[in-house]
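Okay, structure first, notes after.
Keep in mind it's a predicted model, so treat the numbers as computed, not measured. Proteins get letters first, then strands, A, B, ... in listed order; numbering begins at 1 in each.
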Amino acid sequence: MAVRYNFNETEAKWQRIWEETKAFQVDEDPKRPKYYVLEMFPYPSGRIHMGHVRNYALGDLLARYKMAKGFNVLHPMGWDAFGMPAENAAMQNKVHPKAWTYDNIAAMRKQLKTMGLSIDWSREFATCDVEYYQQQQHLFLDFLEAGIAYRRKSKVNWDPVDQTVLANEQVIDGRGWRSGALVEQRELTQWFLKISDYSQDLLDSLEGLDRWPEKVRLMQANWIGRSRGIELPFHLTSPAHGVNALVCYSTRPDTLRGATFLAISADHPLAKALANENPDIAAFCEECRRIGTSEEAVEKAEKLGFDTGLRVLNPINGEDTLPVWIGNFVLIEYGTGAIFGCPSHDQRDLDFARKYGLPVVNAFNMPGETTAVAAEALVPGKDVAVEYVEHFANIATATAYDAVEKSINWLEARNLGEGQVRFRLRDWGISRQRYWGCPIPVIHCESCGVVPEKKENLPVRLPEDVEFDRPGNPLDRHPTWRNTTCPQCGAAALRETDTMDTFVDSSWYFARFTAPELSTPTDPDIVGHWLPVDQYIGGIEHAILHLLYSRFFARAMRQTGHGGADEPFRGLFTQGMVVHETYRGSEGQWVSPAEIRIEENDAGRKAYLLSNNSEISIGGIEKMSKSKRNTVDPDDIISSYGADTARWFMLSDSPPDRDVIWTEAGVEGAHRFVQRIWRMTGGIASLPAPGGTAAPDDLLRLAHRTLAKVETMISELRFNSAVAQIYTLANAVEEGLRAAKSGSSSANLVPVARLMIQMIAPMMPHLAEACWQLLGGKGMLAAAPWPLVDPSLLAEDTLLLPVQINGKKRAEITIASDAGEADIVAAVLALDVIQKALDGMQPRKVIVVPKRIVNIVV
RNA sequence: GCCCCUGUGGCGGAAUUGGUAGACGCGGCAGACUCAAAAUCUGUUGCCGAGAGGCGUGCUGGUUCGAUUCCGGCCAGGGGCACCA
């Protein structure tokens, strides 16, 4: 037997065997419970990175474990293949986005396969496959028919150089992230999906997602942003431009008595009407618009206002008059585009009031009281709110929170306003002026307007003969592709040239995996069988958009007859990042980990450049990135240590939801363990066969206890703890082997080693298969059932109980596990150390917690 | 500003119904084997102290026989949202 484990040979061998035996291909099986494990599918950037390795190591562990536990496991893989990088590559390298994408996919597939994942590769697809986006077009048409998709004008960030719409995240300091051009606000007609119709359901259903991280549920809840408030008309003292009243939206009507002004948006219809006749107002509104709404601008922009001269009455008493201002901080998109300002209880309103000399009235003063407001606005506090509500609404008691609800009731009862629920969530704009995406299957006809393409005419294929020599959307300037006929009247018409946001592609791929060959988007029976995904694993960066869009899609697909589940992802796990130390040379240049060596002793850690031994400064630990040169290439790791080592390292030490620090020392440690398991297994296999049947010993008991713990920890996704348990068992097995070599009984070594190997199998599948063979295991471990815990081996005869005096540990006592309380107390008090520590003091009380602890109180 | 999370050895982290703080790994130190190195193995490793012992889970109060765990108040780090009325 070879002393060193040859991972190269073994990993290739078992990957071949798994593939040849189709070990991971599945179909629906009514006899076994299903389990759907899914890792967020990768974007085909060209090479896998360590984040992928971690993601798939986690998912594969679960998939293999569930498979061994008797589940029919669906574990597919695909590619999120549309998007801008392919077009950028096309512009820079004169390569077609399609060729670039499929080449990348081929390269990454090859890399992934070296990881030895239990993927059903027969289901693989890319979202840029025409078969996939054809079905997405089918879904779009159904959504259109159901009123879920619609078109409207909307303000967008327009990059005049790249000639495209930019997402808010792509606008940096008011400039396009690629072109650096000043971004303009344009009104364009865009396609939207009506996600806002589902706001309440998307919010309420978060409650049931008990296998999602609390953090993600909170983030989604905040994003949906439900608020309870009231619409309040403020009547003008004299109507202007046909407007009798300005309607404000407020979530704090309990502060209404402190209102001292009203502010409307520059885009409010009344502001526009006033601007038409007053050039000063027109100029002011223009300035407001110019400042824009980018985050940067918002941060710096001063609160600006313009007094319109109009006056309104406070509805609370119909007497107090308030001036109407135009404010640059009032958003037309939210609420009604008009607010009442209550400077005493809102910092922004206070700043505004101070700047323009508007009165500040403490809304919570009782009649006759004149408590002033200090430099900072009063926090809408609990106590003051109660007093105020008592005063104006005559409500006997109210908690702070009730104050809002009760003031709404009070105002509604007097017909002064109407309670409302509003959401922050806006409809999802899916139009992109890009080539490399799913074409939106509609046609613009001069006489019929916007006409959906007929389903039998799908797919609307992306033309391949396009040029990327200029910015903008090549579909717009394609000579023939746009020209078509109207499906309704047959006249010449033009195709829509916008493509869909790539988030659409990723909003239903998990459903398509259940039947990827189908000529409809899904088969309701099949998708109903597999969905929801039982465990979804991916990065926290998708906590909001991707996961929310997918939840919306699940609802929309059910509504349009495409089946599925209420919620697409039953369990969600958000893994941490892979991070690495950074290194910088004498001139501050980033240095890659491959170019240095580390020395470590009592004096500390130092890094030296391999090329000339000059010292390198060790910087912070940061997310692996090309710019900081702190990446480690999975290919290099797999070829030097093997996939199992990389997987084991990823699973050890760090809890999977936290960042894992990639270190050379850590990888070597993981690899040492691989070699150690191999040596140990070889040693056990070459022992002479023991005769007869073995009585259970401590080692066997430990193995079963470990098995029970490992199962619990895997099901709780605490893989690092499972790994620690396996280490403990391995230490004991090694000790057993050493003892056996010097003559002790080896009777339980083989069965215990087999248990250990089976526990290792989901984490290091290749090594496990090889060891399994060595131990005479039958067949392929990938197809073997998970071992059963023998409950009779979990019980212990004796217990080690700590003994405390007044909560401080003073001794330990070994005692029969079935000893009664009186016996334990007697035995404890008889201990020399305890007698000595008590020093003649009489115990007042002895607390015995069964199987846990004894505490003597004096 | 609002909402949320996290603070444990030199490091990653265990201790998950209030019951032995530091499992397991990394790193360090000492030793064995070796001509030597690598590999491997053994011992040791929270802090203070020669030792007995004492102190220790961000700080600070509290509840409890007993607190890393529960409650109050601070401090530090991280994340999400944000002219949202």
Side-chain angles (χ1 to χ4, degrees), chain A residues 3-4 213-223 225 227 229 248-253 255 263 265 291 293 295 297-299 301-303 327-331 333-342 346-349 351-352 377 379 422-424 540 543-544 598 600-605 621 648-649 652-655 658-661 663-670 672-673 675-676 679 712 716 718 720-731 734 738 800-812 843-858:
Chain A
V3 177
R4 292 289 289 181
E214 186 59 30
K215 181 188 168 83
V216 174
R217 292 196 282 169
L218 259 163
M219 281 164 73
Q220 292 217 350
N222 288 339
W223 186 263
S227 76
C248 292
Y249 176 69
S250 173
T251 57
R252 292 299 310 280
T255 65
S265 161
I291 291 169
T293 53
E295 281 169 48
V298 162
E299 196 68 33
E302 226 184 318
K303 309 285 171 278
N328 67 339
F329 58 91
V330 184
L331 303 173
E333 299 93 29
Y334 191 82
T336 59
I339 62 161
F340 72 76
C342 177
D346 182 292
Q347 190 62 46
R348 187 197 52 205
D349 292 350
D351 295 344
F352 189 79
V379 178
R422 281 178 191 273
F423 296 92
R424 210 190 70 103
I540 187 78
I544 298 174
I598 301 270
E600 189 161 8
N601 53 35
D602 315 5
R605 291 181 81 233
I621 295 170
W648 185 254
F649 176 82
S652 315
D653 293 352
S654 289
R658 286 198 216 167
D659 289 352
V660 59
I661 304 170
T663 62
E664 187 69 14
V667 183
E668 276 169 5
R672 266 204 299 278
F673 184 69
Q675 295 293 353
R676 199 170 140 221
R679 270 197 313 277
T712 309
E716 291 169 359
R718 296 168 52 217
N720 58 317
S721 295
V723 164
Q725 292 302 323
I726 292 172
Y727 266 111
T728 308
L729 179 61
N731 291 343
E734 193 155 41
R738 204 178 312 132
L800 188 67
L801 282 185
V803 181
Q804 296 180 329
I805 296 176
N806 285 341
K808 287 210 159 130
K809 187 183 157 195
R810 295 294 172 186
E812 282 178 341
R844 281 197 291 138
K845 189 157 65 159
V846 179
I847 294 164
V848 178
V849 183
K851 300 194 173 172
R852 287 288 193 184
I853 205 164
V854 179
N855 192 15
I856 301 167
V857 187
V858 291

| request: Whole angstrom is fine here: how far is it from CZ in A:Arg844 over to C1' in B:G66? | output: 13 Å

| message | Check whether A:Asp346 reaches the backbone of A:Gly341 with its side chain - one donor and one acceptor, N or O, closer than 3.5 Å. | response | no

Sort me out a list of protein N/O and nucleotides 42-48 of chain B N/O pairs below 3.5 Å, or just none if empty.
unit_1, atom_1, unit_2, atom_2, d
B:U42, OP1, A:Arg738, NH2, 2.7

| task | Calculate the interatomic distance between A:Trp223 atom CH2 and B:C4 atom P; express it in whole Å. | result | 19 Å

| said: Go nucleotide by nucleotide along RNA chain B from the 5' end; which of A:Arg658 and A:Lys845 gets its closest nucleotide reached first? | reply: A:Arg658

| remark: Answer for the Watson-Crick or wobble partner of B:U20, both distances under 3.5 Å, is none

| field | Beyond-backbone contact of A:Arg217 with A:Gln220, side-chain heavy atoms, under 4.5 angstrom | value | no

| query | With a cut-off of under 6.0 Å to the ring centre and 45° to the axis, is A:Arg422 in cation-pi contact with A:Tyr249? | reply | yes

| task | Determine the interatomic distance between C1' on B:A14 and the same-named atom on B:A23; round to the nearest Å. | result | 5 Å

| Below 4.5 Å, heavy atoms only, C-beta onward: do A:Val846 and A:Val857 meet side chain to side chain? | no

| query | Say you pick atom C1' in B:G28 and the same atom in B:G9; how far apart are they, in whole Å? | reply | 13 Å

| said: Tell me whether the side-chain N/O atoms of A:Tyr334 come closer than 4.0 Å to OP1 or OP2 in B:A85. | reply: yes

| message | I need the A:Lys808 NZ to A:Asn855 CG distance, nearest 0.5 Å. | response | 12.0 Å

| What is the per-nucleotide protein-contact pattern of nucleotides 18-27 of chain B, from the 5' end, where B denotes a base atom under 4.0 Å from a protein heavy atom, S denotes such proximity for sugar-phosphate atoms only, and - denotes neither? | -BB--BSSSS

| Applying a 3.5 Å limit to both distances, which nucleotide forms a Watson-Crick or G-U wobble pair with B:G7? | B:C75

| Under a 3.5 Å cut-off for both distances, is B:C47 Watson-Crick or wobble paired, and to whom? | B:G54

| message | When the P atoms of B:C2 and B:G73 are compared, how many Å lie between them, rounded to an integer? | response | 15 Å

| message | Suppose you measure atom C1' in B:U63 against the same atom in B:G54; what distance do you get, rounded to whole Å? | response | 26 Å

| Taking a pair as Watson-Crick or G-U wobble with both distances under 3.5 Å, which nucleotide is matched to B:C81? | B:G1

| query | Does B:G66 fall in syn (glycosidic angle within 90° of 0) or anti? | reply | anti

| Is there side-chain contact between A:Ile856 and A:Ile805, with at least one heavy-atom pair below 4.5 Å? | yes

| query | Of all the nucleotides listed (B:C55, B:C65, B:U40), which has the minimum atom distance to the side chain of A:Val857? | reply | B:C65

| field | Sugar-phosphate, base or nothing in reach of A:Val660, heavy atoms under 4.0 Å | value | nothing

| field | Test item: A:Ile540 and A:Val216 side chains (from C-beta on) under 4.5 Å apart, heavy atoms | value | yes

| task | Whole angstrom is fine here: how far is it from CE in A:Met219 over to C1' in B:G78? | result | 13 Å

| Can you tell me how far P of B:G1 sits from CG of A:Asn222, to the nearest Å? | 17 Å

| field | Distance between C1' atoms of B:G77 and B:G58 (Å, rounded) | value | 10 Å

| query | Roughly how far apart, to the nearest Å, are B:C41 and B:U60 at atom P? | reply | 44 Å

| said: Quiz question: by atom type and distance under 3.5 Å, do the side chains of A:Arg676 and A:Asn731 form a donor-acceptor pair? | reply: yes

| Is the shortest heavy-atom distance from the side chain of A:Ile598 to the side chain of A:Thr663 under 4.5 Å? | no

| So what's B:A38 paired with, Watson-Crick or G-U wobble, going by both distances under 3.5 Å? | none

| request: Go through the structure and list residues passing ring-ring contact (aromatic ring centres under 6.0 Å, His included) with A:Tyr727, not counting sequence neighbours. | output: A:Trp648, A:Phe673

| A:Lys215 NZ - B:C3 C1' separation (whole Å) | 11 Å

| Nucleotide B:G1, atom P - distance to CZ of A:Phe329 in whole Å | 19 Å

| request: With P as the reference atom in both, quote the distance from B:U69 to B:U8 in angstrom, rounded to an integer. | output: 13 Å

| Closer than 4.0 Å, any side-chain N/O of A:Arg348 to the OP1 or OP2 of B:C84? | yes

| request: To the nearest Å, give me how far apart CG (A:Asp351) and P (B:A85) are. | output: 17 Å

| field | Span that lies between the P atom of B:C75 and that of B:U68, in whole angstrom | value | 23 Å

| request: Would you give the length of the straight line joining atom CD1 of A:Ile621 to atom CG of A:Asp659, rounded to the nearest 0.5 angstrom? | output: 10.0 Å

| Nearest-Å distance, NZ (A:Lys851) to C1' (B:U17)? | 17 Å

